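We count ligands from 1, going down the list as the structure has it; atoms in each ligand are counted the same way. All figures in this text were calculated on a predicted structure; none of them were measured in a lab.
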Amino acid sequence: MIELTFLGTSASAPSIQRGLSSAVVQHRDLRFMIDCGEGTQRQLLRSGLGFKRLNKILITHAHLDHILGLAGLVSTMTRWEVMEELAIYGGAYALDRIRRLLDVVFSPHPIPDSIHFHTIRPGVIFATKHLRIEAFPVIHRGPDCYGFQFIETPKRPFLVEKAEALGIPPGPERRLLVEGQRITLANGRVVHPDDVLGPPRPGARLAFIGDLARTKGVAATIRGADVLVVEATYLEQDKALARQYGHLTAAQAARLAHQARVKRLILTHISRRYADEEILAEAQAIFPATILANDFDHFQIKHNY
Ligand SMILES: [Zn+2]
Ligand SMILES: [Zn+2]
């Protein structure tokens with residue numbers, strides 16, 4: 001299961017109800033922040049997530065409404081020493097801007113060595129046994145904009161009845177089998193993982209895109225994702241503005257979700273110029289399984305749900 005919490009869901013400037021773009025993705029004991037608009041550290045506290053284990057930040061692109069909060073957040077984290085290492089992942093252009101921002105934060109001292117910058121290129125940017133994150137380029141405004149997919153590793157279910165039938169006691173033997181190792185029972189019988197594990201079941205997949213100007217080619221990349229998060233800054237009535245500023249309308253976001261056959265669509269980067277109901281109605285007319293994200297909304301993402 002992948003968990004997703006929105007910290008900020010506003011476009012360009014904050015509103016009374018919405019902070020600037022930021023979200024946290026959790027998987028097992030890992031936490032990833034995606035984008036860090038101004039005011040994110042207070043949102044993080046209000047969400048109840050806090051600063052603990054927050055040591056990886058992924059940046060979708062270099063615009064200030066997605067990065068300005070890094071100055072305050074990183075300053076707090078380094079001063080409180082709650083953080084040993086912090087990894088910031090972003091496109092080359094975004095990282096260049098973030099470095100200059102943090103130069104000011106730490107001036108006259110250099111940026112501490114505990115902050116690591118990872119330049120994103122398309123493909124896998126992070127992987128453990130249970131999860132991998134893939135980055136894919138998207139078109140918005142300016143260079144080096146990226147979307148991310150969080151992909152849970154398929155798991156083979158442990159078949160308890162088979163284990164019981166073979167006389168495998170609960171405990172470490174079962175764990176070894178789950179980890180793919182064969183074991184020898186007290187009676188000398190050798191049990192292979194295949195004897196007690198079912199066929200692999202796909203894990204959850206979350207596609208998270210920040211700001212987006214064009215959907216062409218994106219559907220193929222994210223096809224079948226359990227959840228798609230993407231911006232919906234404008235309505236169709238203002239599609240000329242959407243095009244001018246490199247953003248999507250709610251209808252365009254919904255068409256992308258439909259084409260990509262994702263299970264659920266969550267819209268974010270919401271403009272103050274519209275009522276939430278208008279945005280939701282425009283998207284749901286095309287893709288009914290659409291949700292409009294609010295700050296602090298929390299989602300549990302499982303395969304096929
Ligand atoms: Zn933005
Ligand atoms: Zn932007």
The atom of Asp65 among N, O or S that is nearest the Zn ion (ligand 1) is OD2
Does His140 put an N, O or S atom under 2.8 Å from the Zn ion (ligand 2)? yes
Practice item. Taking atom types as modelled, find out whether Thr249 and Glu236 have a side-chain donor-acceptor pair closer than 3.5 angstrom. Key: yes
- Flag for Asp65-His269: side-chain donor and acceptor within less than 3.5 Å: yes
Looking at the Zn ion (ligand 1), is there an N, O or S atom belonging to His269 that lies under 2.8 Å away from it?
yes
For the Zn ion (ligand 2), the nearest N/O/S atom on His63 is atom ND1
(Q) Please report whether the ring centroid of Phe32 lies less than 6.0 Å from that of Phe126. (A) yes
dist Leu228:CG -> His258:NE2 (nearest 0.5 Å) comes out at 13.5 Å
Atom name of the N, O or S atom of Asp211 nearest to the Zn ion (ligand 2) is OD2
Taking atom types as modelled, is there a side-chain donor on Gln43 or Asp295 under 3.5 Å from an acceptor on the other? yes
Restricting His66 to its N/O/S atoms, the closest one to the Zn ion (ligand 1) is NE2
